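The structure under discussion appears below in the form of structure tokens.
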Amino acid sequence: NLTGLDYTAENVERLTANSNGEISGIAGSFYELPVKPESMDIVTSNEGLHWQPPYEMDEIIYSHLNPEEREAYETWAKENFKRAVKNIFESLKKDGVAILQFGHEGQLQKLWDLIKDTLEEAQFQAYKSKVNFPLYYPTEEDIKDAFLEAGFTDNNIEVDGFNQDLTEETPEQITEFLKAFTRPGFSTFFKPEDLEDFYASIQKRMSETDVDEFRRDQWHRTLIKAKK
């Protein structure tokens, strides 16, 4: 049996419908994993474990917070991450396997910096404190420690940390990529005309930079295979 997990009931219903009922769904998260202990043979997640529960902050992402606020956020997020890994461990049957990919320290940092700089423009400053992305990109050392603390043994953990360039090659393509994952959140707060101007400003700023350098090493990913 296949089971999908998502924060929203709407996405769970879409998953079930698109799979013609072959995949069941659960509304929830890894932080409070609503499955029975030792009930899963395999747990997979792609680009999910770096997302945190909602968090109020005045910057787009935690890496832009002042040192004291950033430390508090990272302490909170690290405990959440540990809890998620522990929940995955407890959900697995004996000899069950977790295959997980997520971002580690430094992921998309140039892009987040560009968003921050653009939000400083006069037209967009009113939105700066309203939108944020509750992400956490742990260090590779913290990742390994979380898996060991959860109960996985060192000889049953395979960790592959790697960096990749953005596949998008032009300012236009990078802006479209940005729209794909920010528009749902931004549109809640931005006036429609301001949001279009915001993306136009992002694209203009990128056109004035070395795009090849901007693309380099933007993805910082960790792929883990861990056996219980």
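Treat the numbers as computed from the prediction; the structure is a model and nothing was measured. Basis for what follows: all heavy atoms, side chains included, without hydrogens, waters or symmetry-related copies.
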Side-chain ion pair, R205 and E208, N-O less than 4.0 Å: no
Presence of salt bridge, K227 and E158, under 4.0 angstrom: no
E172 CD: over 12 foreign heavy atoms closer than 6.0 Å: yes
Hydrophobic cluster of L15, others only, ordered by chain and residue number, side-chain cut-off 4.5 Å: L2, I23
Whether D6 side chain and T8 backbone form a donor-acceptor pair below 3.5 Å: yes
Flag if over 12 foreign heavy atoms under 6.0 Å of CD, E213: yes
CG on L108 to CD1 on I61, rounded to 0.5 Å: 8.0 Å
Note: K82-D142 ion pair, threshold 4.0 Å (strictly below): no
Side-chain touch I26/V35, heavy atoms, less than 4.5 angstrom: yes
Minimum-distance pair of heavy atoms, taken over all atoms of W219 and E47: CZ3-OE1, 4.3 Å
Distance in Å, L114 CG paired with I202 CD1, rounded so as to fall on 0.5 Å steps: 4.0 Å
Shortest non-hydrogen separation from V43 to M40 and the atoms involved: CG2-CB, 3.9 Å
is_close_aromatic(F190, Y127), centroid dist under 6.0 Å: yes
Chi angles and distances behind the side-chain contact (heavy atoms from CB on, under 4.5 Å) call for Q107, H50: CA-CA 10 Å; Q107 174 147 289; H50 50 240; 3.6 Å; yes
Exercise: identify the closest heavy-atom pair between F214 and K110: O-CD, 3.4 Å
K86 atom NZ, over 12 foreign heavy atoms within 6.0 Å: yes
Salt bridge (Lys or Arg N to Asp or Glu O under 4.0 Å) evaluation trace for D160 with K225: CA-CA 9 Å; D160 181 16; K225 178 181 177 182; over 6 Å; no
Flag if over 12 foreign heavy atoms under 6.0 Å of CD, E32: no
E10 and R14: CA distance, side-chain angles, deciding distance, salt bridge (Lys or Arg N to Asp or Glu O under 4.0 Å) verdict: CA-CA 6 Å; E10 179 184 1; R14 185 180 297 118; 3.2 Å; yes
E120/K116 ion pair, N-O < 4.0 Å: yes
Separation of D194 CG from E121 CD (nearest 0.5 Å): 11.5 Å
W51 ring center near Y7 ring center (under 6.0 Å): no
Separation of L92 CG from N87 CG (nearest 0.5 Å): 11.0 Å
Q218 vs E168 side-chain heavy atoms within contact, under 4.5 Å: no
Salt bridge present between E196 and R183 (N-O < 4.0 angstrom): yes
Summary of ring-ring contact (aromatic ring centres under 6.0 Å, His included) pairs that have at least one residue in residues 14-34, sequence neighbours excluded: none
Expected output: side-chain Q173 to main-chain E169 donor-acceptor under 3.5 Å: yes
Trace of the side-chain contact (heavy atoms from CB on, under 4.5 Å) decision for I174 with L111: CA-CA 9 Å; I174 296 171; L111 193 58; 4.3 Å; yes
Which atom of L5 lies closest to which atom of P34, heavy atoms considered: CD1-CD, 4.2 Å
Beyond-backbone contact of K144 with D154, side-chain heavy atoms, under 4.5 angstrom: yes
Over 12 foreign heavy atoms within 6.0 Å of CD, E56: no
Within one Ile-Leu-Val-Met-Phe-Trp-Tyr cluster: V97 and V159, side-chain cutoff 4.5 Å: no
Distance, nearest 0.5 Å, that separates CD1 of I115 from CG of L119: 7.5 Å
Separation of R70 CZ from E59 CD (nearest 0.5 Å): 11.5 Å
Residue that, paired with Y62, satisfies ring pair (Phe, Tyr, Trp, His ring centres under 6.0 Å) out of Y55, Y73, F133: Y73
Over all atoms of both residues, closest heavy-atom pair of T167 and R215: O-NH2, 4.2 Å
Shared hydrophobic cluster for F186 and F189 (ILVMFWY, side-chain gaps under 4.5 Å): yes
Min side-chain heavy-atom separation T170-M206 under 4.5 Å: no
Ring-ring centroid check F81 F102, cutoff 6.0 Å: yes
Any side-chain heavy-atom pair of T44 and I42 under 4.5 Å: yes
Parallel, tilted or perpendicular: rings of F124 and F198 (30°, 60°): perpendicular
Candidate pair L100 and V85, rule side-chain contact (heavy atoms from CB on, under 4.5 Å), full reasoning: CA-CA 10 Å; L100 314 164; V85 176; 5.8 Å; no
Side-chain H-bond candidate by donor/acceptor type, N80 with Y136, under 3.5 Å: no
Candidate pair Q52 and W76, rule side-chain contact (heavy atoms from CB on, under 4.5 Å), full reasoning: CA-CA 10 Å; Q52 294 288 306; W76 170 80; 3.8 Å; yes
Which atom of T118 lies closest to which atom of S201, heavy atoms considered: CG2-OG, 3.7 Å
Geometric cation-pi criterion K228 and F89, 6.0 Å radius, 45° cone: yes
H104 (side chain) donor-acceptor with R221 (main chain) under 3.5 angstrom: yes
